[in-house]
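Atom set for the values below is all heavy atoms of this structure, side chains included, hydrogens, waters and symmetry mates excluded.
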Amino acid sequence: MRRPRGEPGPRAPRPTEGATCAGPGESWSPSPNSMLRVLLSAQTSPARLSGLLLIPPVQPCCLGPSKWGDRPLGGGPSAGPVQGLQRLLEQAKSPGELLRWLGQNPTKVRAHHYSVALRRLGQLLGSRPRPPPVEQATLQDLSQLIIRNCPSFDIHTIHVCLHLAVLLGFPSDGRLVCALEQERRLRLPPKPPPPLQPLLREARPEELTPHVMVLLAQHLARHRLREPQLLEAIAHFLVVQETQLSSKVVQKLVLPFGRLNYLPLEQQFMPCLERILAREAGVAPLATVNILMSLCQLRCLPFRALHFVFSPGFINYISGTQPGWLAGWAPEGWRGRGAGWPATQSPSPCLPTGTPHALIVRRYLSLLDTAVELELPGYRGPRLPRRQQVPIFPQPLITDRARCKYSHKDIVAEGLRQLLGEEKYRQDLTVPPGYCTDFLLCVSSSGAVLPVRTQDPFLPYPPRSCPQGQAASSPTTRDPAQRVVLVLRERWHFCRDGRVLLGSRALRERHLGLMGYQLLPLPFEELESQRGLPQLKSYLRQKLQGLGLRWGPEGG
């Protein structure tokens with residue numbers, strides 16, 4: 001029989017991953033893992049992700065694309081005027097219209113209509129985590145309707161409304177969420193309360209699986225979300241599950257800390273990572289290098305792990321000249337699983353030198369060696385041989401190349417050309433040991449900007465022996481070899497809050513300063529406020545004159 005046009009057909013329900021199916025008379029509750037998976041796949045805001053660890057579990061299936069009209073919710077078949085009211089709610093153009101449909105049809109309203117109204121409200125508000133102030137009265141009236149009628153809701157509708165209310169940004173301690181939560185608890189069968197901490201009313205972070213925590217870590221790193229509560233939850237999970245985690249998982253959990261330039265408050269964070277490195281470094285050497293890269297951005301490099309990656313055996317493994325390097329070898333004092341392994345038990349193939357992985361690892365080792373040179377004067381262990389060193393970042397990073405049309409580099413270059421002349425600055429110059437600079441100026445001892453072609457634009461690396469940080473703090477007028485680097489700080493060089501530099505950017509600026517280059521940051525807020533090239537030239541003139549620089553007539 002042919003189904004009438006526009007009428008939804010039957011669909012088989014799809015089980016939610018990690019969910020526990022409830023039998024007759026039992027309440028349904030998803031696992032924390034399935035809850036977090038749904039929130040991450042829906043590109044949920046940080047505030048809503050934070051709520052996952054603080055609110056009770058509710059049903060996640062309401063986030064799917066299906067309409068609630070496919071099956072009746074809240075009891076009773078949907079038919080006639082009831083179904084018509086549902087269509088009106090689904091097509092409402094504003095929150096006020098939603099409230100009007102619910103208030104004008106008291107005899108037609110069923111329990112599931114309130115969940116439909118909340119879902120439509122979320123579509124109207126878009127992705128904003130908080131309702132706009134102008135709609136507060138309407139939202140309060142809608143909340144009052146739900147609070148007044150929620151005693152008649154079944155457990156399924158309560159779960160749906162509670163979940164949607166949280167995702168819409170209603171406070172967890174507000175009247176709506178509290179009323180729904182109270183009704184949810186009344187529907188649950190009596191059982192002894194679990195021994196939970198007062199502040200955590202749902203699952204603890206350590207009760208989530210490593211795979212789900214990795215998804216959370218990747219979500220924070222990818223979207224530059226520097227959320228202390230979520231990062232602390234990852235750090236706590238890492239400490240609690242230390243013995244169960246491999247270094248391949250740990251490298252993914254540690255990634256957001258280095259990228260977001262966030263050192264957790266968890267006191268056992270660093271001791272835990274050192275123990276994991278000591279245990280797993282010989283098993284997964286590439287993961288070990290990735291972990292050290294994240295710790296390098298946090299300025300927390302452990303000496304014992306550096307001894308390991310700079311050892312001759314590891315260097316030969318990276319260069320592809322010594323297969324089975326783990327067999328029977330370990331650095332002095334190292335007690336990882338790689339020490340003393342028989343050659344026939346776990347042979348480790350060498351890493352082909354021509355692969356992209358080999359080049360990336362050599363770049364990482366070169367950066368670690370630079371960090372040892374500039375930031376760890378007390379290190380006395382092995383170092384990366386000169387023949388193994390490669391330029392760290394010899395060209396602008398991928399994100400800069402991908403967002404070049406949004407960058408201020410071209411207009412700043414034109415401003416410098418008209419202000420100084422083409423011969424008095426260099427753009428995108430890579431300085432040893434391999435950092436690409438935005439703009440570089442050569443400055444005489446008197447503060448005059450000199451033509452770059454007549455000067456050596458590079459400062460010596462390794463830097464000449466001097467007290468730590470002296471070269472970076474020397475005034476321009478006293479240093480005959482001074483080089484000034486204009487650093488563009490674009491919007492995507494920061495975490496999402498726009499205040500903290502990403503770890504890689506902070507590391508580059510820190511190393512350039514320690515090598516003796518004087519940095520002149522150009523923040524995106526200041527660049528975006530300039531209206532046109534004349535105003536930008538005036539801005540650059542003030543910046544350069546603030547350093548005591550002087551130059552001849554404007555070029556061009």
Side-chain angles (χ1 to χ4, degrees), residues 224 226 258-262 297-299 370 374-375 392-393 395-397 399-401 403-404 406-417 419-420 424-431 434-443 447 449 452 457-459 463 469-477 479 482-531 533 535-551:
R224 300 180 285 119
R226 196 175 191 266
R259 174 168 170 77
L260 301 174
N261 201 4
Y262 181 86
Q297 294 172 346
L298 296 175
R299 308 181 71 174
T370 301
L374 299 175
E375 301 184 22
I392 302 172
F393 300 113
Q395 56 187 353
L397 298 181
T399 43
D400 287 331
R401 297 199 299 269
R403 305 191 182 193
C404 59
Y406 305 108
S407 175
H408 295 87
K409 180 171 289 188
D410 291 340
I411 191 172
V412 171
E414 180 61 22
L416 290 176
R417 188 190 70 82
L419 189 64
L420 305 177
K424 291 189 178 180
Y425 74 92
R426 289 287 297 274
Q427 181 178 347
D428 294 332
L429 179 67
T430 300
V431 300
Y435 282 114
C436 182
T437 59
D438 296 321
F439 301 97
L440 185 139
L441 310 179
C442 297
V443 181
V449 180
V452 180
F458 306 117
L459 291 180
Q470 177 178 332
S473 59
S474 299
T476 302
T477 55
D479 188 357
Q482 185 64 44
R483 301 294 181 265
V484 177
V485 175
L486 277 66
V487 180
L488 291 182
R489 289 182 173 178
E490 303 285 6
R491 186 178 294 273
W492 56 89
H493 295 168
F494 291 82
C495 299
R496 187 69 69 176
D497 57 11
R499 296 185 298 270
V500 180
L501 274 173
L502 295 176
S504 59
R505 301 289 173 174
L507 178 68
R508 183 184 73 153
E509 294 189 13
R510 185 166 71 246
H511 283 183
L512 287 174
L514 291 173
M515 286 188 289
Y517 294 91
Q518 184 165 357
L519 305 184
L520 179 59
L522 303 178
F524 70 90
E525 302 97 335
E526 298 178 1
L527 293 174
E528 290 177 354
S529 64
Q530 310 306 316
R531 296 294 181 264
L533 188 58
Q535 190 173 354
L536 178 67
K537 287 170 56 179
S538 176
Y539 164 78
L540 293 175
R541 182 184 296 108
Q542 294 176 2
K543 285 285 188 179
L544 297 176
Q545 290 176 347
L547 292 180
L549 306 187
R550 57 184 181 86
W551 57 93

Side-chain heavy-atom pair [X], [Y] within 4.5 angstrom cut-off:
{"X": "R299", "Y": "R510", "value": "yes"}
{"X": "L512", "Y": "L519", "value": "yes"}
{"X": "L429", "Y": "F458", "value": "yes"}
{"X": "L488", "Y": "K409", "value": "yes"}
{"X": "I411", "Y": "Q530", "value": "no"}
{"X": "K424", "Y": "L441", "value": "no"}
{"X": "E526", "Y": "K543", "value": "yes"}

Considering all heavy atoms, the nearest [X]-[Y] contact:
{"X": "C442", "Y": "P457", "result": "SG-CA, 4.0 Å"}
{"X": "V500", "Y": "L260", "result": "CG1-O, 4.2 Å"}
{"X": "S407", "Y": "E490", "result": "OG-OE2, 2.8 Å"}
{"X": "A413", "Y": "Q427", "result": "CB-OE1, 3.4 Å"}

Checklist entry - For Y539, what residues pass the ring pair (Phe, Tyr, Trp, His ring centres under 6.0 Å) criterion, not counting sequence neighbours? => result none
Checklist entry - What residues form a ring pair (Phe, Tyr, Trp, His ring centres under 6.0 Å) with H511, not counting sequence neighbours? => result Y435
Next on the checklist: Pair V484, L544 - check side-chain contact (heavy atoms from CB on, under 4.5 Å), show working.
Outcome noted: CA-CA 10 Å; V484 177; L544 297 176; 5.5 Å; no
To the nearest 0.5 Å, how far apart are [atom1] in [X] and [atom2] in [Y]?
{"X": "L419", "Y": "S538", "atom1": "CG", "atom2": "OG", "value": "9.5 Å"}
{"X": "L522", "Y": "L486", "atom1": "CG", "atom2": "CG", "value": "5.0 Å"}
{"X": "Y425", "Y": "L420", "atom1": "OH", "atom2": "CG", "value": "8.5 Å"}
{"X": "L507", "Y": "N261", "atom1": "CG", "atom2": "CG", "value": "9.5 Å"}
{"X": "D438", "Y": "R489", "atom1": "CG", "atom2": "CZ", "value": "11.0 Å"}
{"X": "Y406", "Y": "W492", "atom1": "OH", "atom2": "CH2", "value": "9.0 Å"}

Checklist entry - Taking it one step at a time, do Y517 and L440 satisfy side-chain contact (heavy atoms from CB on, under 4.5 Å)? => result CA-CA 9 Å; Y517 294 91; L440 185 139; 3.9 Å; yes
Give a yes or no on whether the backbone of [Y] and the side-chain of [X] come within a donor-acceptor separation of less than 3.5 Å.
{"X": "R226", "Y": "L502", "value": "no"}
{"X": "R505", "Y": "F494", "value": "no"}
{"X": "R499", "Y": "R496", "value": "no"}

Checklist entry - Can you check side-chain contact (heavy atoms from CB on, under 4.5 Å) on Q518 and V443, steps first, answer last? => result CA-CA 10 Å; Q518 184 165 357; V443 181; over 6 Å; no
Next on the checklist: As a quick check of understanding, evaluate side-chain contact (heavy atoms from CB on, under 4.5 Å) for E528 and R491, giving each step before the final call.
Outcome noted: CA-CA 10 Å; E528 290 177 354; R491 186 178 294 273; 2.7 Å; yes
